[in-house]
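Index from 1, following the sequence.
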Amino acid sequence: MHKFLLIVKDLENLIDNHTFKEGDKLPSIRVLADQYHVNKSTVIRALNDLERRHIVYSVDKSGYYVVKSTMIPNNEEKEIIDFATSSPDSRIFPYLDFQHCVNKAIDTYKQDLFIYGTPQGLPSLLNIMQKQLANYQVFTKVRNLFVVSGIQQALSILTALPFPNEKRKILIEQPGYHLFIEHLMTYHVPVIGIKRTSRGIDLGELEEIFKTEDIKFFYTMPRFHNPLGCSYSTEEKKKIVALAHKYDVYIVEDDYLADMEHDTKADPIYAYDDKSRVIYLKSYSKVIFPGLRIGIAVIPDILLSVFTQYKRIQDIDSSMLSQGALEIYLKSSMFDRHKQKIKSFYDQRSQLLHAALEQQFIQNGDLFTFDATVKFSLHTYIKLNDSIPANEVIRRLKRKSISIEPIDKHYLPSFPKDNLLKLNVSHVRMDGIEHGVSVLINEMRQIAAAGHSKFP
């Protein structure tokens, strides 16, 4: 890694971890140069990079300071401890890098980016994606790849188009991806739910549903499930594929957090198929930024023609300018550098949340259950004692400037809901995690003491 990038990364981590707090003055250029054994120009380059991204600011003849957050308009307002927001933190968006890629794409492709493309996507981007997918053990031909306007577009198309098995119902995990549930409800698509916990799903129940119901495809998040945060084991993935082949069911695998994986042996379900049953989806929203609205779909040969037709009707093509910029971003070192940065950013928060919950569970195991084996994810969950209604906990925490999102929308209206709290780390600050968990447990203790039918 270049020396100036090492300095940038270290200073970002120190600011994120609040070693340097908002308004703090950074060490002088001379001190940093001595510390990293570099010349002053290298330090200035690193500080200029941070300043362009509004992480630090300079004061003439004084030095560099950490930018103050705009989240606190005045001293009277408390900053919210945000366990609710699941979208990526805007503080780590690669603004300048991607701006460079957009400009480079315009220079490289010129007018090609300003006309209609093809339903499949920019050919040069598809070639890059094919190589990148191989890193996730997704080996496919370019003809099977489609650039989509986010995972939601791919799900919308797959739900609408006819499948070779001529079946109609969708099977989804419960709880599950709330926007897909909303889509299914809005368009009155026949849907069945199957319960999932941190221990997986009941494979016997899955087989019974495949055997007796008219299942078109099973939509699943095998890795870092949203909202539970857990992942399937290798054996579970293999058994799901085997059942799909046995009962003529397709699998739609949403691998939206593939870039956050640490276990090199954790392959997607797609790796255990013969490329005929599993439709693989991957998003770039979580690892780059949501506004990019680009994902990738790996479509089996038997569905290529009809998927092309439905996608062309829906939007002709996905944004060509975004595709051109993404191609340049992916094939440069920018993507790998940003991926490592964002993994580190979320790792620290998820580990801190996990440690806080684990400690509280030791002391307050009568209030909730917590699966300590789920080590990393952008989100996790706890199951509350039946005498502690989740909605009452959320209401009380809101008064204390702690935000937690109800989990109800992650369930089909007719499916029995568990008494769960979902906790995200995407937007919560490092110094707010332990405090937020402590306040959460205190409120749960008060509710339990008061009794479930009466709240103070």
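Every residue two or more places apart in sequence or in another chain that forms a side chain to side chain donor-acceptor pair (under 3.5 Å) with Ser322 is listed here: Ser319. With sequence neighbours left out, Lys238 forms a salt bridge (Lys or Arg N to Asp or Glu O under 4.0 Å) with no residue at all. For Ser350, the side chain to side chain donor-acceptor pair (under 3.5 Å) criterion is met by no residue, not counting sequence neighbours. In this structure Asp248 satisfies the salt bridge (Lys or Arg N to Asp or Glu O under 4.0 Å) test together with Arg277, sequence neighbours excluded.
Lys311 and Asp315 are joined by a salt bridge, as a carboxylate oxygen and a charged side-chain nitrogen come within less than 4.0 angstrom of each other. In summary, Arg143 and Asp301 engage in a salt bridge, as defined by a charged side-chain N under 4.0 Å from a carboxylate O. Between Asp418 and Lys195 there is a salt bridge, since at least one side-chain N of the basic residue sits less than 4.0 Å from a carboxylate O of the acidic one. Arg199 and Asp371 are not joined by a salt bridge, as no carboxylate oxygen comes within less than 4.0 angstrom of a charged side-chain nitrogen.
Taking CG of Leu158 as the start and CG of Leu303 as the end, the distance is 7.5 Å to the nearest 0.5 Å. Separation of atoms CE (Met430) and CG (Leu352) is listed at 5.5 Å; rounding is to 0.5 Å. Between the CG atom in Leu145 and the CD1 atom in Ile128 there is a gap of 12.0 Å [rounded to 0.5 Å]. Summarising the geometry, atom CG belonging to Asp97 is positioned 5.0 Å from atom CE belonging to Met334; distances are rounded to the nearest 0.5 Å. Between the CG atom of Leu203 and the CD1 atom of Ile201 there is a distance of 5.5 Å, given to the nearest 0.5 Å. Note that the CZ atom of Phe224 and the CG atom of Asp255 stand 9.0 Å from one another [nearest 0.5 Å].
The environment of Glu434 atom CD is sparse: at most 12 non-hydrogen atoms of other residues, nucleotides or ligands sit within 6.0 angstrom. Residue Glu166 qualifies as open at atom CD: its count of foreign heavy atoms under 6.0 Å is 12 or below. The number of heavy atoms from other shown groups lying within 6.0 Å of NE2 (His245) is above 12. Heavy atoms from other residues, nucleotides or ligands lying under 6.0 Å from CG of Leu161 number more than 12. Dense packing is recorded around CD of Glu205, with more than 12 heavy atoms of other residues, nucleotides or ligands lying under 6.0 Å away. The local environment of NZ in Lys239 is sparse, with at most 12 non-hydrogen atoms from other residues, nucleotides or ligands closer than 6.0 Å. Surrounding NZ of Lys417 are more than 12 heavy atoms belonging to other residues, nucleotides or ligands, all under 6.0 Å away.
Taking the centre of each ring, Phe289 and Phe98 come in below the 6.0 Å mark.
Neither side chain, Asn385 nor Asp366, offers a donor N or O lying under 3.5 Å from an acceptor on the other. Side-chain polar atoms of Ser285 and Ser283 form a donor-acceptor pair below 3.5 angstrom. Residues Asp82 and Thr85 have side chains that bring a donor and an acceptor to within less than 3.5 angstrom of each other. Between the side chains of Asp10 and Tyr36, a donor-acceptor pair is found at a separation under 3.5 Å.
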- Message: Please determine whether side chain to side chain contact (heavy atoms under 4.5 Å, CB included) holds for the pair His178 and His410, giving the CA-CA distance in whole Å, both sets of side-chain angles, and the decisive distance to 0.1 Å.
- Response: CA-CA 5 Å; His178 65 95; His410 290 276; 3.6 Å; yes
- Given the rule in the side chain to side chain contact (heavy atoms under 4.5 Å, CB included) test, do Tyr247 and Ile209 qualify, once you have shown the distances and angles that lead to the verdict? CA-CA 10 Å; Tyr247 293 104; Ile209 292 174; over 6 Å; no
- Stepwise, does the side chain to side chain contact (heavy atoms under 4.5 Å, CB included) test hold for Leu321 with Val102? CA-CA 7 Å; Leu321 182 58; Val102 170; 4.2 Å; yes
- Task: Check the pair Ser344, Asp347 against side-chain hydrogen bond (donor to acceptor under 3.5 Å, both in side chains), reporting the backbone distance first and the verdict last.
- Result: CA-CA 5 Å; Ser344 175; Asp347 278 356; over 6 Å; no
- Which is it for His338 and Phe93 under the ring-ring contact (aromatic ring centres under 6.0 Å, His included) test, yes or no, and what are the steps along the way? CA-CA 9 Å; His338 177 69; Phe93 289 173; 8.3 Å; no
- Task: Go through the steps to decide whether Tyr272 and Ile240 satisfy the test side chain to side chain contact (heavy atoms under 4.5 Å, CB included), and finish with yes or no.
- Result: CA-CA 10 Å; Tyr272 305 108; Ile240 290 171; over 6 Å; no
- Stepwise, does the side-chain hydrogen bond (donor to acceptor under 3.5 Å, both in side chains) test hold for Asn424 with Ser426? CA-CA 6 Å; Asn424 289 297; Ser426 297; 5.1 Å; no
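Looking at Glu173, its side chain does come within 3.5 Å of a backbone N or O of Met221 through a donor-acceptor pair. For the pair Ser156 (side chain) and Gln152 (backbone), a donor-acceptor distance under 3.5 Å is absent. Under the 3.5 Å distance criterion, the side-chain polar atoms of Asn39 are matched with a main-chain donor or acceptor of Thr42. Between the side chain of Glu236 and the backbone N or O of Ser233, at least one donor-acceptor pair lies under 3.5 Å. Under the 3.5 Å distance criterion, the side-chain polar atoms of Lys275 are matched with a main-chain donor or acceptor of Phe139.
For the salt bridge (Lys or Arg N to Asp or Glu O under 4.0 Å) condition, the pairs that include at least one residue of residues 318-334, sequence neighbours left out, are Glu327-Lys331. Within the structure, every pair that satisfies the ring-ring contact (aromatic ring centres under 6.0 Å, His included) test and touches residues 189-222, not counting sequence neighbours, is listed here: Phe163-Phe217, Phe180-Tyr219.
Cation-pi geometry between Arg349 and Phe345 is met: under 6.0 angstrom from the ring centre, within 45 degrees of the axis.
Inter-residue side-chain proximity for Ile288 and Tyr329 is flagged as met; some heavy-atom pair is nearer than 4.5 Å. Contact of the Tyr250 side chain with the Pro164 side chain is registered, since non-hydrogen atoms from C-beta on lie closer than 4.5 Å. Residues Lys246 and Glu207 form a side-chain contact, since some pair of their non-hydrogen atoms from C-beta on lies under 4.5 Å apart.
The aromatic rings of Tyr411 and Phe415 sit parallel, their planes meeting at an angle under 30°, below the 60° perpendicular limit.
For the salt bridge (charged side-chain N to carboxylate O under 4.0 Å, His left out) test with Asp259, the passing option among Lys282, Lys341, Lys343 is Lys282; the others fail. For the side chain to side chain contact (heavy atoms under 4.5 Å, CB included) with His379, the lone residue among Leu228, Leu353, Asn226 that qualifies is Asn226.
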